[in-house]
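To start, the structure under review is shown below, and the notes come after it.
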Amino acid sequence: MASTAAAASSQGCISWALRQRGLGGGGARAVPVLPRRRFCVSAAAGAGFDNENRRYVIVGGGNAAGYAARTFVEHGMADGRLCIVSKEAYPPYERPALTKGYLFPPDKKPARLPGFHTCVGSGGQRQTAEWYKENGIEVLYEDPVVAFDGKTHTLKTSSGKILKYGSLIISTGCEASRLPAKIGGNLPGVHYIRDVADADSLVSSLGKAKKIVVIGGGYIGMEVAAAACGWNLDTTIIFPEDHIMPRLFTPSLAKKYEELYQQNGVKFIKGALIDKLEAGSDGRVSSAVLEDGSVVEADTVIVGIGARPVIGPFEAVGVNTKVGGIELQVDSLFRTSIPGIFAIGDVAAFPLKMYDRMTRVEHVDHARKSAHHCVEALLTSHTKPYDYLPYFYSRVFEYEGSSRKIWWQFYGDNVGETIEVGSFEPKIATFWIDSDSRLKGVFLESGSSEEFSLLPQLAKSQPVVDKAKLKSATSVEDALEIARSSLHSGSSV
Ligand SMILES: Cc1cc2nc3c(=O)[nH]c(=O)nc-3n(C[C@H](O)[C@H](O)[C@H](O)COP(=O)(O)OP(=O)(O)OC[C@H]3O[C@@H](n4cnc5c(N)ncnc54)[C@H](O)[C@@H]3O)c2cc1C
Ligand SMILES: NC(=O)c1ccc[n+]([C@@H]2O[C@H](COP(=O)([O-])OP(=O)(O)OC[C@H]3O[C@@H](n4cnc5c(N)ncnc54)[C@H](O)[C@@H]3O)[C@@H](O)[C@H]2O)c1
Ligand SMILES: O=C1O[C@H]([C@@H](O)CO)C(O)=C1O
């Protein structure tokens with residue numbers, strides 16, 4: 001690699017960069033095939049990688065970046081052409097593992113890297129650091145992009161590298177929302193979880209912990225509290241709403257999960273906000289004080305109060321503030337307002353074709369699919385709009401010896417009235433049905449793989465269902481059969 005780079009002249013770099021400018025709006029057009037070359041190092045830059053021109057640059061080395069890299073490789077367009085600039089110390093990995101297998105107790109074979117690099121979460125190849133090298137992909141680790149100039153096509157990294165790009169894909173994801181420092185949000189023993197470094201820090205606290213408080217009743221709260229049961233810790237979940245998973249679960253569905261957690265010893269404090277986190281004499285967190293003045297002791301606190309898109313320093317590519325927070329706005333081919341610049345995964349607000357609205361999805365299935373769709377559109381001439389079917393899932397209590405594993409999937413839109421069938425013994429289903437009797441969303445706990453595979457068909461087709469019949473279903477199997485038969489009634493979308 002070094003010899004190829006050394007052979008490239010600085011003059012070559014400049015003319016290559018000028019040719020790149022013409023590439024522009026990417027998505028819809030085929031990208032002209034440029035001479036295959038390795039990294040182009042200007043004479044002035046000497047060794048090192050400064051002032052290079054790179055044909056394709058991905059900023060962010062997370063889930064979406066890993067799947068994007070795979071698509072570049074599949075098209076034979078990675079080798080010597082692709083660079084990933086990452087804030088983290090590792091190549092892209094399957095982030096969902098961090099609150100699942102990663103938090104298994106030490107004697108229950110916890111997941112560790114390199115075991116869960118992308119793309120193993122979807123049954124693909126495990127892309128280790130060697131995989132990137134073998135495929136000629138340059139990865140800059142622990143060197144986040146701190147500045148961006150769309151006019152000169154340049155990025156600046158925290159170490160001072162200046163990178164010139166041909167096309168740019170932004171996949172900076174989200175960051176955990178934090179409790180303010182002034183109320184104890186940064187005390188030692190207070191954890192947020194977004195990356196491997198956070199998970200390592202949490203595991204080290206769990207090893208010493210006795211009493212933990214989990215703040216937030218969403219995905220992180222539910223997954224971390226279940227993990228804490230595996231470590232036999234006294235666990236309390238505190239959140240402001242009436243029930244857990246308020247973004248998705250109905251009150252009745254939530255109640256079933258809450259009961260199961262309670263059977264595992266987890267305590268709930270609902271409808272409560274944190275006034276402050278207090279430190280003990282050793283400076284570590286020692287309690288959570290609630291707004292009503294009550295105090296809950298804790299030697300470890302895990303905060304899961306949502307996530308925010310990481311848009312800085314890319315505001316100039318165009319932001320959307322209507323969907324929720326500030327996010328980078330893209331079209332159905334993941335193109336931002338600046339030609340040649342794309343955004344994928346958690347950070348991007350995109351048109352959700354099937355429901356005809358803009359949305360942003362903070363889940364891994366979309367990270368994977370948006371990456372694939374964006375890179376395909378960039379590298380080929382296809383202009384097929386992204387047509388995403390929302391899919392969320394969770395799995396908890398998976399460690400060996402747990403009394404009851406939980407695994408659920410949801411497809412579609414959780415709008416309209418709901419019909420719930422079954423209980424944990426043995427499985428639960430919830431159907432969301434709109435005023436035209438169309439099935440809009442479907443949830444299943446503990447289904448078989450065949451049953452789970454029916455869910456996307458239902459949510460995609462949105463068949464008209466016989467609500468009375470569904471309500472009278474005697475089991476989840478029965479309810480799924482009724483829903484399946486409505487697929488063939490000829491009234492699907
Ligand atoms: C603990 C946890 C568990 C999860 N579990 C599930 C699950 O079970 N199911 C599910 O569907 N979804 C889950 N998710 C959500 C899922 O992981 C995300 O939707 C997915 O990771 C989004 O991919 P992304 O590439 O857009 O962002 P990320 O995977 O977050 O990657 C973004 C990357 O960009 C880097 N970055 C940020 N700014 C810069 C910069 N300026 N320069 C360089 N790099 C930068 C970040 O460090 C990070 O590595 C989970 C998320 C978390 C945090
Ligand atoms: N299985 C999965 O899909 C999965 C698992 C883990 C994490 N994630 C992702 O990670 C990100 C973070 O997850 P999360 O659980 O933090 O977000 P979330 O949005 O799922 O839940 C946030 C919860 O925090 C609570 N909350 C909000 N503001 C609060 C406040 N000021 N004080 C106390 N509680 C407050 C609410 O109970 C809310 O439900 C999300 O993008 C999520 O999709 C997904
Ligand atoms: O999508 C996922 O990827 C990881 C794991 O399967 C990778 O091994 C995980 O726990 C998920 O839920």
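For this chain, numbers begin at 1 and follow the sequence in order. Atoms within a ligand are numbered from 1 in the order they appear, just like the ligands themselves.
For the ligand labelled ligand 1, residue K100 lies inside the 4.0 Å heavy-atom shell. Contact annotation: V59 has at least one heavy atom less than 4.0 Å from an atom of ligand 1.
Close contacts between ligand 1 and S171 involve ligand atoms 32 (C), 33 (C), 34 (O) [criterion: under 4.0 Å to a heavy atom]. Which parts of ligand 1 touch V85 is read off a 4.0 Å heavy-atom cut-off, strictly below it: atoms 43 (C), 44 (N).
Applying the side-chain contact (heavy atoms from CB on, under 4.5 Å) test to E134 and every residue at least two apart in sequence or in another chain returns E130. Shown here are the side-chain contact (heavy atoms from CB on, under 4.5 Å) partners of E142, two or more places apart in sequence or in another chain: A89.
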Quick one: table the atom pairs, ligand 2 N or O against protein N or O, below 3.5 Å, distance rounded to 0.1 Å.
residue: ligand 2; atom: 1 (N); partner: E223; partner atom: OE2; Å: 2.8
residue: ligand 2; atom: 1 (N); partner: Y393; partner atom: O; Å: 2.8
residue: ligand 2; atom: 3 (O); partner: H363; partner atom: ND1; Å: 2.9
residue: ligand 2; atom: 15 (O); partner: Y219; partner atom: N; Å: 3.0
residue: ligand 2; atom: 15 (O); partner: I220; partner atom: N; Å: 2.7
residue: ligand 2; atom: 16 (O); partner: G304; partner atom: O; Å: 3.3
residue: ligand 2; atom: 16 (O); partner: I305; partner atom: N; Å: 3.4
residue: ligand 2; atom: 16 (O); partner: G306; partner atom: N; Å: 2.8
residue: ligand 2; atom: 17 (O); partner: G306; partner atom: N; Å: 3.4
residue: ligand 2; atom: 19 (O); partner: R247; partner atom: NE; Å: 3.2
residue: ligand 2; atom: 19 (O); partner: R247; partner atom: NH2; Å: 3.3
residue: ligand 2; atom: 20 (O); partner: Y219; partner atom: N; Å: 3.2
residue: ligand 2; atom: 20 (O); partner: R247; partner atom: NH2; Å: 3.2
residue: ligand 2; atom: 24 (O); partner: G304; partner atom: O; Å: 3.2
residue: ligand 2; atom: 37 (O); partner: G217; partner atom: N; Å: 3.1
residue: ligand 2; atom: 37 (O); partner: E241; partner atom: OE1; Å: 2.6
residue: ligand 2; atom: 37 (O); partner: E241; partner atom: OE2; Å: 3.4
residue: ligand 2; atom: 41 (O); partner: E362; partner atom: OE1; Å: 2.4
residue: ligand 2; atom: 43 (O); partner: E362; partner atom: O; Å: 3.0

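Checking only distances, E88 does come within under 3.5 Å of ligand 1, N or O to N or O. The shortest N or O to N or O distance between V364 and ligand 1 is below 3.5 Å. Geometrically, ligand 1 and D143 share no nitrogen or oxygen pair separated by less than 3.5 Å. Among the atoms of R194, some N or O lies under 3.5 angstrom from an N or O of ligand 1.
Within the 4.0 Å heavy-atom criterion, neither part of E175 lies near ligand 1.
Listed by chain and number, E94, P96, A97, K100, F116, V120, G121, R368, Y393, R395 each place a non-hydrogen atom less than 4.0 angstrom from ligand 3.
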